[in-house]
Amino acid sequence: MTSILQCMDCGATYPIHHVVYSCASCGGLLDVQHDWDALRPQLTRERFDTRLGALDTPYNSGVWRYQELIYPDIPHDLIVTKPEGNTNLYNLPKLAQWAGVRELRLKHEGENPTGSFKDRGMTSGVSHARVLGMTRVACASTGNTSSALASYAALADLEGIIFLQNRQIALGKLAQGIAYGATCLQINADFDRNLELVRAVSEELNIYVLNSINPFRLEGQKSIIFETIQQLSWQVPDWIVCPGGNLGNSSAFGKALYELYTLGLIDRIPRLAIIQAEGASPLYHSYQNGFQSFQPMKAETIATAIKIGNPVNYPKAVRALKWTNGVVEMVTDQEIMDAKALIDAAGIGCEPASACSLAGTRKLVEAGIIQAHERVVGILTGHVMKDPDATIGYHSNTLEDITPHYANRIYQAGDDIEEIKRVLSKQPQPQA
Ligand code: F0G
């Protein structure tokens with residue numbers, strides 16, 4: 001076996017076949033650690049390049065293409081894949097100009113099978129659930145993790161159980177969980193409390209938890225970084241910018257970059273910028289005081305995906321920031337929705353939380369932290385169709401405290417050719 005679980009704080013180790021989410025002796029978060037010395041001869045750029053365009057499972061997946069970096073020993077017949085990944089990396093000069101940088105590419109993780117990056121973590125997490133022989137898997141979710149879990153559990157013939165916050169789950173996400181046949185529990189509590197509840201209940205009922213506290217989830221999500229850098233012909237950008245909620249993704253990014261660098265697959269580490277919504281910004285405030293203290297908060301933001309006040313992966317995110325000389329920024333709901341409108345109008349589209357990447361880039365440029373000549377990759381985490389209420393609310397100017405600076409209004413016309421022609425003769429359109 002070339003992998004173990006290891007506590008990030010005290011170094012205690014556990015076999016990967018143990019169902020454990022935090023260190024039994026000190027409570028620290030666990031990492032999956034692979035035996036790099038044994039694996040090193042197999043870890044070449046050429047190996048991963050040869051698999052590009054593969055038609056066979058699992059290497060046709062943008063996660064399993066990097067199997068040796070993610071879960072080297074898993075038997076292929078236990079892998080549950082749709083396949084995920086292989087998402088586009090868009091070069092967007094107009095948005096780069098708006099943000100104030102020479103080059104901005106957006107990696108669209110909303111193009112995954114269930115519409116968010118969570119599929120990359122769910123393929124590794126649900127596959128590991130099968131290795132463990134678990135029959136029930138569960139998560140608390142703001143909506144995307146639950147969509148992915150419901151889909152992958154159904155595919156694997158496992159029972160999927162999802163704990164949904166009672167308010168503010170985006171419509172598309174609620175519909176997905178129900179449609180994929182999960183056991184759906186709407187609970188009168190926010191995400192942070194639901195995560196505590198799912199952990200407590202699952203321990204008693206022998207259910208496998210697939211939130212990002214589960215280190216196998218994060219192994220799959222590392223592939224966002226692997227794929228991005230491979231798409232750039234292994235030339236690293238200067239910055240990678242992503243939204244931060246429960247901080248699983250940013251933790252995975254830090255681990256991926258650290259591993260690529262120590263394995264000699266890249267020659268320098270790009271800087272990570274984690275962007276939080278102002279109303280859900282405990283990492284930002286901790287960053288401001290040099291990580292001296294960490295204060296959970298009651299979260300509130302229109303970007304419901306990241307409406308999280310007590311992120312479980314905080315210690316791993318801090319580690320990721322240290323490894324990458326990273327920074328944290330926060331953006332207002334107004335900035336999020338305006339940036340989303342521009343991403344949408346560029347023909348790309350995303351859900352509100354994803355727009356943190358663009359809004360945050362612009363803000364970091366204004367602050368002089370990202371330089372105009374630098375190359376930036378922003379991560380779009382979820383699909384535009386996930387949250388139709390937010391989109392329509394913005395463009396019809398019905399969102400409280402938000403002014404739609406880039407509104408695309410809906411015109412009305414009767415069943416009358418002359419009237420339609422009159423409407424079409426004046427066509428003010430939103431411009432970046
Ligand atoms: N963007 C989207 C679209 C998300 O769904 C999430 C998290 C994030 C960003 C933040 O990622 O938690 O790794 O920092 N959504 C989780 C969920 C919490 O339940 O779907 P993170």
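Remember, predicted model here, so these are calculated numbers, not experimental data. Worth knowing before you read on, the calculation uses all heavy atoms, side chains too, and leaves out hydrogens, waters and symmetry mates. Start at 1 and go down the list; that is how both ligands and their atoms are numbered.
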Say whether G245, considering both its backbone and side-chain N or O atoms, lies within less than 3.5 Å of an N or O atom on ligand 1. yes
Starting from atom 11 (O) of ligand 1, what is the nearest protein heavy atom, named by residue and atom, and what distance separates them? F117 CZ, 3.5 Å
What do you reckon, does T145 have a nitrogen or oxygen under 3.5 Å from a nitrogen or oxygen of ligand 1? yes
For atom 12 (O) of ligand 1, closest protein heavy-atom neighbour: N246 N, 2.8 Å
Aromatic ring pairing Y90/H108, orientation class (parallel under 30°, perpendicular over 60°, tilted between): perpendicular
Using a 4.0 Å cut-off to any heavy atom of G248, which atoms of ligand 1 qualify? 13 (O), 14 (O), 21 (P)
Regarding ligand 1, does I308 bring an N or O atom to under 3.5 Å of one of the ligand's N or O atoms? no
Without hydrogens or angle criteria, can the side chains of Y314 and S286 be said to hold a donor-acceptor pair below 3.5 Å? yes
Tell me whether the NZ or CZ atom of K363 lies within the 45° cone about the ring axis of Y284 and under 6.0 Å from its centre. no
Nearest protein heavy-atom contact for atom 13 (O) of ligand 1: which residue, which atom, what distance? N249 N, 2.8 Å
N144 heavy atoms within 4.0 Å reach ligand 1 at atoms 2 (C), 3 (C), 4 (C), 5 (O), 20 (O)
If you measure every N or O of T142 against every N or O of ligand 1, does any of those distances drop under 3.5 Å? yes
Of all the non-hydrogen atoms in the protein, which one sits nearest to atom 19 (O) of ligand 1, and at what distance? S141 OG, 2.6 Å
How far is atom 8 (C) of ligand 1 from its nearest protein heavy atom, and which residue and atom name does that atom have? I306 CG2, 3.5 Å
By number and element, which atoms of ligand 1 are closer than 4.0 Å to a non-hydrogen atom of A305? 2 (C), 3 (C), 4 (C), 5 (O), 6 (C), 7 (C), 15 (N), 18 (C)
Over 60° means perpendicular and under 30° means parallel, so tell me whether W98 and Y406 are parallel, tilted or perpendicular. perpendicular
On the 0 to 90° scale, with breaks at 30° and 60°, tag the Y59-H76 ring pair as parallel, tilted or perpendicular. perpendicular
Side-chain donor-acceptor pair under 3.5 Å between T381 and E109, yes or no? no
Hey, does T381 come in under 3.5 Å of ligand 1, counting only N/O atoms on both sides? yes
Of the protein's non-hydrogen atoms, which lies at the shortest distance from atom 16 (C) of ligand 1, and what is that distance? K118 NZ, 2.9 Å
